[in-house]
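So the structure is just underneath, and the comments pick up after that.
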2 protein chains.
Amino acid sequence: MLNEKQDSWPAGMKKTKQRMCVYSALEQSEIPLSAAEIYQKISNSGTEISLSTVYRILECFVRETAAVKTTLPQSDTAMYALIRRQHAHYAICLSCHKIIELENCPLENYVPHLSESEFHVLGHRVELYGYCKNCEAKKN
Amino acid sequence: MLNEKQDSWPAGMKKTKQRMCVYSALEQSEIPLSAAEIYQKISNSGTEISLSTVYRILECFVRETAAVKTTLPQSDTAMYALIRRQHAHYAICLSCHKIIELENCPLENYVPHLSESEFHVLGHRVELYGYCKNCEAKKN
DNA sequence: CTCGGTGCAAACTCTTTGCATTGAC
DNA sequence: GTCAATGCAAAGAGTTTGCACCGAG
């Protein structure tokens with residue numbers, strides 16, 4: 001039971017400086033990040049990394065099911081989050097694109113009207129759209 | 001019995017052959033379509049259209065809030081659907097990427113733990129992930 | 001007739017790939 | 001020392017844009 005260490009570093013995956021930086025960037029973020037954002041965070045913190053390496057590392061994490069790749073609306077860039085946060089859901093502001101993490105999962109007690117024989121449900125995504133406090137105020 | 005007035009054609013938007021074809025393609029589909037799919041459907045039905053025009057028309061529909069742009073997981077291409085179908089939700093097969101429309105909305109009775117003063121909720125998206133009947137069978 | 005819509009090709013952005021070099025085990 | 005990981009640059013996919021021509025109102 002070693003929870004204090006990296007909870008979900010993929011078994012047998014080499015720990016290079018770059019990979020640990022990417023993992024750490026994702027770990028420290030409450031919301032999904034794009035490859036470019038991760039690249040920026042790491043570069044700003046003084047570590048050398050190339051953008052293509054960021055993409056390759058993210059691809060590894062996704063393949064090893066340590067992370068998920070997703071895409072938010074009104075943006076064509078892929079976002080990545082650790083599986084640990086996979087079950088988090090978000091409210092997204094249509095104006096400033098701010099992402100707010102939801103506290104509870106609306107689907108906790110939901111049973112889809114899809115029989116298990118038709119579709120084997122493994123996970124889900126929920127997103128709310130609207131305007132955040134600031135943008136709502138600006139509109140009026 | 002054809003509706004002379006399309007239910008949600010944006011007010012004041014010129015009705016060109018190409019625009020009506022795009023609208024009709026979206027109208028006839030139960031699931032969101034990519035620009036390329038729309039282009040194919042229209043081309044196959046014998047109407048000349050260019051891909052960039054499809055993109056421009058979709059952009060118009062989105063700007064006029066007649067359609068929504070979204071992106072499904074494990075695909076980097078944007079998908080479009082008429083607002084009329086905006087409230088539809090889907091189950092997506094992780095193996096064959098088939099999209100199945102859900103019959104009911106799991107959020108119908110959901111009140112988010114976000115006060116209205118913090119975020120003005122206008123809409124939502126729900127997606128289930130898993131394996132469809134066929135792919136589930138193949139795995140075993 | 002006018003002005004917005006369209007087609008084409010080129011540009012742009014995000015992402016992936018080939019290849020030589022580097023570094024973790 | 002070996003083989004996978006990295007950096008760089010170039011290639012790809014999807015999408016957007018500039019410009020001349022076309023066609024709906």
Side-chain angles (χ1 to χ4, degrees), chain A residues 6 9-26 32-64 66-81 97, chain B residues 4-6 9-26 32-64 66-81 97:
Chain A
Q6 318 270 8
W9 187 274
M13 183 167 171
K14 269 192 199 171
K15 286 197 178 183
T16 68
K17 187 179 52 169
Q18 290 88 341
R19 286 177 173 184
M20 290 191 286
C21 283
V22 170
Y23 190 91
S24 159
L26 288 173
L33 298 174
S34 69
E37 285 166 343
I38 294 169
Y39 171 75
Q40 273 308 321
K41 274 177 189 280
I42 296 174
S43 298
N44 290 345
S45 77
T47 304
E48 298 264 311
I49 195 169
S50 94
L51 182 54
S52 56
T53 299
V54 173
Y55 275 108
R56 267 188 284 228
I57 290 174
L58 289 170
E59 197 189 326
C60 285
F61 284 148
V62 170
R63 183 167 4 90
E64 300 298 324
V68 284
K69 179 181 183 179
T70 178
T71 318
L72 300 176
Q74 293 184 307
S75 135
D76 292 327
T77 73
M79 309 291 274
Y80 299 83
H97 304 138
Chain B
E4 300 300 328
K5 288 258 177 182
Q6 311 277 8
W9 187 274
M13 184 167 171
K14 268 192 198 172
K15 285 196 178 183
T16 66
K17 187 180 52 171
Q18 290 88 340
R19 287 177 173 185
M20 290 191 286
C21 283
V22 170
Y23 190 91
S24 159
L26 289 172
L33 298 174
S34 70
E37 285 165 343
I38 294 168
Y39 171 75
Q40 273 309 321
K41 274 177 190 279
I42 296 174
S43 298
N44 291 344
S45 76
T47 305
E48 298 265 308
I49 195 168
S50 93
L51 182 55
S52 55
T53 299
V54 172
Y55 276 108
R56 268 188 284 227
I57 290 174
L58 289 170
E59 198 189 324
C60 285
F61 283 149
V62 170
R63 184 167 3 92
E64 301 297 322
V68 283
K69 179 181 185 178
T70 178
T71 318
L72 299 175
Q74 293 182 308
S75 137
D76 292 327
T77 73
M79 309 290 274
Y80 299 83
H97 304 137

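Numbers restart at 1 for each chain; the letters A, B, ... are given by sequence-line order, proteins then strands.
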Return the value, rounded to whole Å, for the distance between atom [atom1] of [X] and atom [atom2] of [N].
X: B/Lys69; N: D/dT16; atom1: NZ; atom2: C1'; result: 10 Å
X: B/Glu59; N: C/dG4; atom1: CD; atom2: C1'; result: 14 Å
X: B/Ile49; N: D/dC22; atom1: CD1; atom2: P; result: 18 Å
X: A/Leu51; N: D/dC8; atom1: CG; atom2: C1'; result: 12 Å
X: B/Arg63; N: C/dG4; atom1: CZ; atom2: P; result: 13 Å
X: B/Met79; N: D/dA13; atom1: CE; atom2: P; result: 18 Å
X: B/Met13; N: C/dT6; atom1: CE; atom2: C1'; result: 13 Å
X: B/Tyr39; N: D/dA13; atom1: OH; atom2: P; result: 16 Å

Classify A/Ala36 by what it touches in the nucleic acid, base, sugar-phosphate, or nothing, heavy-atom distance under 4.0 Å.
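Nothing, no heavy atom under 4.0 Å.
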
(message) Using a heavy-atom cut-off of 4.0 Å across all strands, would you classify A/Glu48 as base, sugar-phosphate, or nothing?
(response) sugar-phosphate

Quick one: do B/Thr71 and B/Met79 satisfy side chain to side chain contact (heavy atoms under 4.5 Å, CB included)? Show the steps, please.
CA-CA 6 Å; B/Thr71 318; B/Met79 309 290 274; 5.8 Å; no

Respond yes when some side-chain nitrogen or oxygen of [X] is under 4.0 Å from OP1 or OP2 of [N], and no when none is.
X: A/Thr16; N: D/dT6; value: yes
X: A/Ser50; N: D/dG7; value: yes
X: A/Arg56; N: C/dT15; value: no
X: B/Gln18; N: D/dG23; value: no

Run the side chain to side chain contact (heavy atoms under 4.5 Å, CB included) check on A/Ile49 and A/Lys17 step by step: do they pass?
CA-CA 9 Å; A/Ile49 195 169; A/Lys17 187 179 52 169; over 6 Å; no

Answer yes or no: is there a side-chain heavy-atom contact under 4.5 Å between B/Tyr80 and B/Leu26?
yes

Residues 52-59 of chain B, side-chain donor-acceptor partners within the protein, below 3.5 Å, at least two apart:
residue : atom : partner : partner atom : Å
B/Ser52 : OG   : B/Ser50 : OG           : 3.1
B/Thr53 : OG1  : B/Ser50 : OG           : 3.2

Comparing B/Tyr55 and B/Lys17 on DNA chain D - which has the more 5′ nearest nucleotide |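 Result of the comparison: B/Tyr55.
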
**Message:** Students often mix this up, so state it plainly: with edges at 30° and 60°, are the rings of B/Phe61 and B/Tyr23 parallel, tilted or perpendicular?
**Reply:** perpendicular

Along DNA chain C (nearest heavy atom to each residue), the more 5'-positioned of B/Lys14 and A/Ser52
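Its nearest nucleotide being more 5', the pick is B/Lys14.
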
